[in-house]
There are 2 protein chains.
Amino acid sequence: MNIGEIAKRAGVSRSTVSYALSGKRHVSPETKARIQQVIDELDYRPNAAARALKEGRTRTIGLVIPPPVRRLTYMQLEFVASVLEAASQADLDVLLSPSGDTHAPAFSRLIDGRRVDGVILMEIRLQDPRVDQLRKAGMPFVTIGHTAHPEGVWWVDVDYQGLVGRCVKHLADLGHRDVALINRSAEMLADGYGPGLRAQQGFAQAVAQYGLTGFEYPCADDAPAGDACVERILNEHPEVTAAVTVNESALPGFQRALQRAGLRVPADFSLIGVAAQHWAEEFQPPLTSADVPAVQMGAEAVQLLTEYIADRAAAPKHLLLSPPISLRDSVSRARTLERD
Amino acid sequence: MNIGEIAKRAGVSRSTVSYALSGKRHVSPETKARIQQVIDELDYRPNAAARALKEGRTRTIGLVIPPPVRRLTYMQLEFVASVLEAASQADLDVLLSPSGDTHAPAFSRLIDGRRVDGVILMEIRLQDPRVDQLRKAGMPFVTIGHTAHPEGVWWVDVDYQGLVGRCVKHLADLGHRDVALINRSAEMLADGYGPGLRAQQGFAQAVAQYGLTGFEYPCADDAPAGDACVERILNEHPEVTAAVTVNESALPGFQRALQRAGLRVPADFSLIGVAAQHWAEEFQPPLTSADVPAVQMGAEAVQLLTEYIADRAAAPKHLLLSPPISLRDSVSRARTLERD
DNA sequence: TTGTACGCGTTATCAG
DNA sequence: CTGATAACGCGTACAA
């Protein structure tokens, strides 16, 4: 079912059909109606490939997600969902592409084959070769997270450094002196994963600023790792009375380990962090946390990318989100009595 | 960077470049090498739209996921991941499209705009309008789950009916007399969601066959619902000693509710079900369950779709998977003593 | 309102 | 047997 067929049946030329659809030139109401009727009858829709070829754009954006997908955190899943939602609203399709060494061909297809008009890149590293590849290919892109040199790049990020700092401050205000940071995995940190490294910095700075003693614990993104991590903290530093976590996927594990150790939250141990609202509310007791606005981030990323695609010469825009800390029930004053 | 540019720089014609790349005709090694050199230099890749237009296929498949995406179960997430993986291996791209009323335009674009060569449809209903739309458009598709009339349709599914039956049998063998089925949500069942309805049937049949008393409980896909559901079971039917669950997302809630009620698994209450391996192993104690082979399903779905696309006249194939029940630690003999 | 050139890769056909 | 020419797929937009 192509435009020629529609034109023939409506008794007009192909260009008239095209104009009737796009509205870029006036077409008499009668012919327009006749055309529309034929179109409805045959369920005609312009061939995406032909249109893309002519217009030079695909009306599709690429979303590059971290591998392996099945370890996507809830936050990331929410983000993917909101990108899908926002793209759909803007009549854009989304080509989902896993990143990673084994998927390099897929990434190159996306970029060099011009299958998409722009790309949203998740889980960026401080040094990221994909950024260079995208730049070189002249493909518009927005990164989630920012590289070590974010100038000239469009990005959206969460201010992990500031948020972790505020979490530490909150604990300090409540009298905690020995606190732990439960970070993302050691591998990710070694790999130059921004949020992890910035959480590290924010923690170190705040601990120093408020005169606390801080211990950092990297932790893999799953419940068993969270369990083991809390176990280690309690063993190695029993003086720790509170922890800041940026690892939402490990939360169920914390719960188990604390429970097993007979520690109640928050009476015996306070927990605060950065997490998707869902996880924070699911935790028992509900977790005091800065709720990462994943849904907003997805929408903003699509918005930024759309702007960039529309005007490639536009000045890069950034967005550093710093959601407020929602006070729930997982933090209390330190057990000062027991320490005197 | 188009093929003409490459041809010019290599001093040959466009067709020679094309033949050198596709290998559909012999090209002398020297010219081939020269062409390859220019290509490498400029990172040339054929424009996907032009190729799609000419070849009549996009080398892209559509994956239609259930909305809202953020409620994707772990099983579904695993499935998406494996589709991505399998497609990537077959040099296919994946266009992710949310289904649902608000996303109808996106679905139509996919189908009528011929943006994809074929579609994988997740979370199919017994009566599903999308299946009709795909059929009418002549678009190859594979469904995950099967409709009430699955003849002539390509599909991959898990034998929920048989699996639930086997779970019940296992409980019956261990002396349980009063058992519950924790199903998916009432809305999904009302909507004609196949797995839920087939679980229902399998449960009813098996309960009758083994002379047990069965109670069915629909339950939304999240932890709080699971918590509430167990609460209800214990209240309304304290005689129940075991439950079969097909609702993995509610598992964490079961755990909480059972714990709160002071019931230990499996000593006081047995739990068995159908779930992703990940959830089964994460449960405490590890859940005896039929592990849904989501990864295999994704690979099979892509394989089937590829076959279908390659030969549209081929006889439809189906795959009804029936994974074995993995014995873990959540089931024990019924507490017969207390009942006498 | 219509005719037509264009975007770009593929392949049938023709020339060497 | 190698290389070049040209038509084609389909929607868009300029010129007529």
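Naming: A, B, ... by sequence-line order, numbering from 1 per chain. For the numbers below, each heavy atom of this structure counts, side chains included, while hydrogens, waters and symmetry mates do not.
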| Nearest heavy atoms of A:R114 and A:T58, plus distance in Å |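 Taking A:R114 first and A:T58 second, the nearest heavy atoms are O-CG2, 3.5 Å.
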| request: Check B:L304 against B:W154 and note the closest heavy-atom contact, atom names and distance. | output: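 Between these two residues, the closest heavy atoms are O-CZ3, 3.7 Å.
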| request: Report which part of the nucleic acid A:V17 touches: base, sugar-phosphate, or nothing (heavy-atom distance under 4.0 Å, all strands). | output: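 Nothing, no heavy atom under 4.0 Å.
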Quick one: [X] [atom1] to [N] [atom2], roughly how many Å, whole number?
{"X": "B:R14", "N": "C:dT11", "atom1": "CZ", "atom2": "C1'", "answer": "11 Å"}
{"X": "A:N2", "N": "D:dT12", "atom1": "CG", "atom2": "P", "answer": "12 Å"}
{"X": "B:I35", "N": "D:dA4", "atom1": "CD1", "atom2": "C1'", "answer": "13 Å"}
{"X": "A:L53", "N": "C:dA5", "atom1": "CG", "atom2": "C1'", "answer": "13 Å"}
{"X": "A:H26", "N": "D:dA13", "atom1": "NE2", "atom2": "C1'", "answer": "18 Å"}
{"X": "B:K8", "N": "D:dT5", "atom1": "NZ", "atom2": "P", "answer": "14 Å"}
{"X": "B:R25", "N": "D:dG3", "atom1": "CZ", "atom2": "C1'", "answer": "8 Å"}
{"X": "B:K32", "N": "D:dG3", "atom1": "NZ", "atom2": "C1'", "answer": "14 Å"}

side-chain N/O [X] vs [N] OP1/OP2, d < 4.0 Å:
{"X": "B:S18", "N": "C:dT10", "value": "yes"}
{"X": "A:T31", "N": "C:dT1", "value": "yes"}
{"X": "A:S22", "N": "D:dT12", "value": "no"}
{"X": "B:K54", "N": "C:dT11", "value": "no"}
{"X": "B:K24", "N": "C:dT11", "value": "yes"}
{"X": "B:Y19", "N": "C:dA12", "value": "no"}

| message | Using the rule given for side chain to side chain donor-acceptor pair (under 3.5 Å), can you reason through A:E85 versus B:T102, listing the C-alpha separation, both sets of side-chain angles and the distance that settles it, and then say yes or no? | response | CA-CA 10 Å; A:E85 184 65 34; B:T102 57; 5.0 Å; no
| Between the side-chain atoms of B:T16 and the base atoms of D:dA4, is any donor-acceptor pair under 3.5 Å? |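 A donor-acceptor contact between them is absent.
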| base_contact_polar (D:dT5 base, B:S15 side chain, donor-acceptor, <3.5 Å) |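 Flag set: donor-acceptor pair detected.
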| message | So, applying side-chain contact (heavy atoms from CB on, under 4.5 Å) with A:V12, which one of A:V27, A:V17, A:I6, A:V38 is it? | response |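 For A:V12, the side-chain contact (heavy atoms from CB on, under 4.5 Å) check succeeds only for A:V17.
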| request: Among the candidates D:dT12, D:dT2, C:dG9, find the nucleotide nearest to the side-chain atoms of A:R51. | output: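 Between D:dT12, D:dT2, C:dG9, the one nearest the side chain of A:R51 would be D:dT12.
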| field | Along DNA chain D (nearest heavy atom to each residue), the more 5'-positioned of B:G11 and A:L21 | value |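 First, find each residue's nearest nucleotide; the 5'-ward one identifies B:G11.
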| Parallel, tilted or perpendicular: rings of B:F141 and B:Y308 (30°, 60°) |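 Answer is tilted, since the angle falls between 30° and 60°.
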